[in-house]
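As structure tokens, the structure follows; a few thoughts come after it.
Atoms within each ligand, like the ligands themselves, are counted from 1 in listed order. Just so we're clear, the structure is a prediction, and the values are computed from it rather than from any experiment. Quick note: numbers below take in every heavy atom, side chains included, and nothing from hydrogens, waters or symmetry partners.
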Amino acid sequence: MKILLLTHAFNSLSQRLHIELKKRGHTVSVEFDINDAVTLQSVDLFQPDLIVAPFLKRAIPEAIWRHHTCLIVHPGIKGDRGPSALDWAILKGETEWGVTVLQANAEMDAGDIWASVNFPLREASKASLYRNEVTEAALQGVLLAVERMQQPDFTPEPLDYSRSDVKGSLQPLMQQSDRRIDWRRDDTATVLRKIRSGDGFPGVRDWIFGREVMLYDAHPAKGLQGEPGSLLGYSANAICRATLDGAVWIGHLRDKSGEHPFKLPATRVLNRLLSDLPEISGGYSDIHYEERGRVGYLHFPFYNGAMSTEQCNRLREAYCAARQRDTRVIVLMGGPDFWSNGIHLNTIEAADSPADESWANINAINDLACEIITTESHLTVSALQGNAGAGGVFLARAADYVWARSGVVLNPHYKDMGNLFGSEYWTYLLPKRVGEERARRITQARLPMGTEEAGELGLLDGYFGRDNPQFLSELQQRALALAEDADFERLLDTKVATRHADEAEKPLEAYRREELERMNLNFYGFDPSYHVARYNFVYKVPKSRTPITIAQHRDVNRRDKDDWSQAS
Ligand code: COA
């Protein structure tokens with residue numbers, strides 16, 4: 001089938017659908033929902049058999065849904081309608097939620113139902129649920145709907161609230177007043193639900209030191225308590241605030257009217273205001289280490305997978321400490337939502353000199369990658385529970401083995417960030433695994449990649465587990481088996497010998513120098529593309545057109561061939 005993905009942005013969910021539909025032989029093209037005229041033009045050019053809308057903020061024009069089957073992916077159970085589906089489910093403490101694939105018609109979210117898939121609702125942020133459970137359920141729902149479209153006798157189910165399995169209802173757009181925290185009355189669980197219901201967007205409006213800020217990235221602060229609403233202190237990048245029955249850590253804030261009106265670490269936003277507060281040492285950490293048998297697991301669940309200079313430095317120290325332990329294998333765990341998305345574009349944007357901060361950040365991530373690549377005491381594994389992008393993919397590849405949860409999405413390229421050349425020793429690591437020609441194609445194509453393709457190319461050494469619990473349980477078995485392998489010493493010797501041979505052929509330092517020469521031009525040269533792209537990314541400037549890499553119907557070279565089966 002020719003399937004057009006009509007979407008507000010090519011986000012993780014749309015990327016996953018793109019990968020999986022293409023894998024099943026469909027011809028898939030993408031169009032950003034910019035305005036009705038552009039959407040109509042894309043339908044005209046592509047002539048799709050089916051339009052799927054994974055993430056839309058506006059209704060599909062009637063001129064399109066009247067003549068084409070348009071399926072909307074709604075992150076709610078059957079009967080749920082409205083723009084704040086997940087927000088309400090989290091705030092109300094639902095224990096089961098779902099995704100419904102329904103046909104677009106004149107009434108928002110009220111069209112015939114093609115598929116609906118439910119899942120248990122974890123206690124997690126909206127963004128985390130979206131990237132995990134919602135994405136998996138949406139994929140299952142869309143695949144079911146596509147299959148059903150090809151069955152001539154299938155008729156979608158009209159929305160009928162008298163049916164026992166239609167449990168949802170029409171819910172309004174959630175307002176800040178619905179999420180507002182009453183620090184004197186709300187217990188920790190309530191505060192967490194309120195913040196999580198708006199994390200990543202829009203956040204919960206609150207006041208700290210009399211400043212209006214939006215709150216994100218909340219966690220229970222175990223063992224801490226104080227006058228409800230009072231600030232108890234700070235630790236790493238987070239501040240601690242007391243609730244009715246305990247306290248919460250808040251890792252990120254956004255000061256909409258401040259000098260840098262985008263998300264930043266909480267301590268960075270409050271800065272000097274914190275001077276009267278105590279530092280709670282060991283209170284909150286975005287890095288932690290644990291051991292099981294002869295395997296050390298290093299976790300670094302950095303918010304949004306972004307790694308600032310300071311986080312890279314702390315992680316390098318933690319990694320070097322792990323290397324001193326009497327273990328055999330070190331597993332680099334990243335976080336449950338992202339493994340890494342490379343350097344921290346928000347802290348760079350907020351720096352006095354973004355060019356200098358970019359330089360410091362890339363060097364700090366390179367220092368970390370260098371320690372991993374040159375490790376001679378341990379075998380190393382990168383374990384991807386969540387997605388990885390740009391420098392994050394190559395940092396993962398610095399380890400001896402890269403294992404991923406099935407369904408993780410990789411974006412092994414930098415060019416979308418204003419033609420950034422990239423570093424993290426990718427010019428050493430990528431061709432070594434996939435060969436020169438494929439390395440060139442991967443970095444030029446700028447496309448998201450699924451685990452199957454990454455496995456075939458050699459970018460991944462294994463992928464398993466349908467969800468994080470399954471992945472983690474198999475990961476532990478594999479890591480332990482590696483540590484106890486009768487051949488462990490030989491495996492380690494071979495790795496060290498290979499590294500020495502590579503070093504003799506071309507020193508690691510030479511790769512770094514060459515990459516950084518190109519990055520220097522990106523940061524300090526005449527072409528401002530990287531700085532513009534970073535600004536647009538951080539300030540979320542809407543895209544004015546769909547990149548040709550994914551909008552195949554706009555690619556004249558491909559269109560003129562008039563052979564769409566080759567296009568995907
Ligand atoms: N620095 C700071 N923030 C980052 C980030 C980075 N490197 N990568 C992602 N984020 C943030 C996004 O701004 C977004 O923030 P939000 O919480 O306000 O929504 C959040 O992480 C999720 O990103 P989003 O783009 O919505 O996720 P996605 O899964 O749809 O897409 C990527 C993932 C990796 C394709 C995309 O985030 C991206 O291109 N990131 C930049 C990668 C990069 O160029 N890094 C620098 C070079 S090493």
Task: Under-4.0 Å salt bridge between Glu514 and Lys506 - done: yes

Open item on the list: Using a 6.0 Å distance limit plus a 45 degree cone around the ring axis, check whether Lys194 lies over the aromatic ring of Tyr216.
Closed with: no

Pairs under 3.5 angstrom, nitrogen or oxygen on both sides, ligand 1 versus protein: list them out, please.
| from | atom 1 | to | atom 2 | distance (Å) |
| --- | --- | --- | --- | --- |
| ligand 1 | 1 (N) | Leu345 | N | 2.9 |
| ligand 1 | 7 (N) | Asn341 | O | 3.0 |
| ligand 1 | 7 (N) | Ile343 | O | 2.8 |
| ligand 1 | 13 (O) | Lys540 | NZ | 3.4 |
| ligand 1 | 15 (O) | Asn304 | ND2 | 3.3 |
| ligand 1 | 15 (O) | Lys540 | NZ | 3.4 |
| ligand 1 | 17 (O) | Lys263 | NZ | 2.6 |
| ligand 1 | 17 (O) | Asn304 | ND2 | 2.9 |
| ligand 1 | 18 (O) | Lys263 | NZ | 3.1 |
| ligand 1 | 18 (O) | Lys540 | NZ | 3.0 |
| ligand 1 | 21 (O) | Asn304 | OD1 | 3.4 |
| ligand 1 | 21 (O) | Asn304 | ND2 | 3.2 |
| ligand 1 | 30 (O) | Ser12 | N | 2.9 |
| ligand 1 | 45 (N) | Asn341 | O | 3.2 |

- [ ] Look at the rings of Tyr414 and Phe394 and say which category their plane angle falls in: under 30° parallel, 30 to 60° tilted, over 60° perpendicular.
- [x] parallel

Open item on the list: Just so I know, are the side chains of Ile442 and His413 near enough to count as touching, which here means a heavy-atom distance under 4.5 Å?
Closed with: no

Task: Stacked cation flag Arg513 on Tyr511, 6.0 angstrom / 45 deg - done: no

- [ ] State whether Arg58 and Asp33 are salt-bridged, where the test is any N-O pair (Lys NZ or Arg NE/NH1/NH2 against Asp/Glu carboxylate O) under 4.0 Å.
- [x] yes

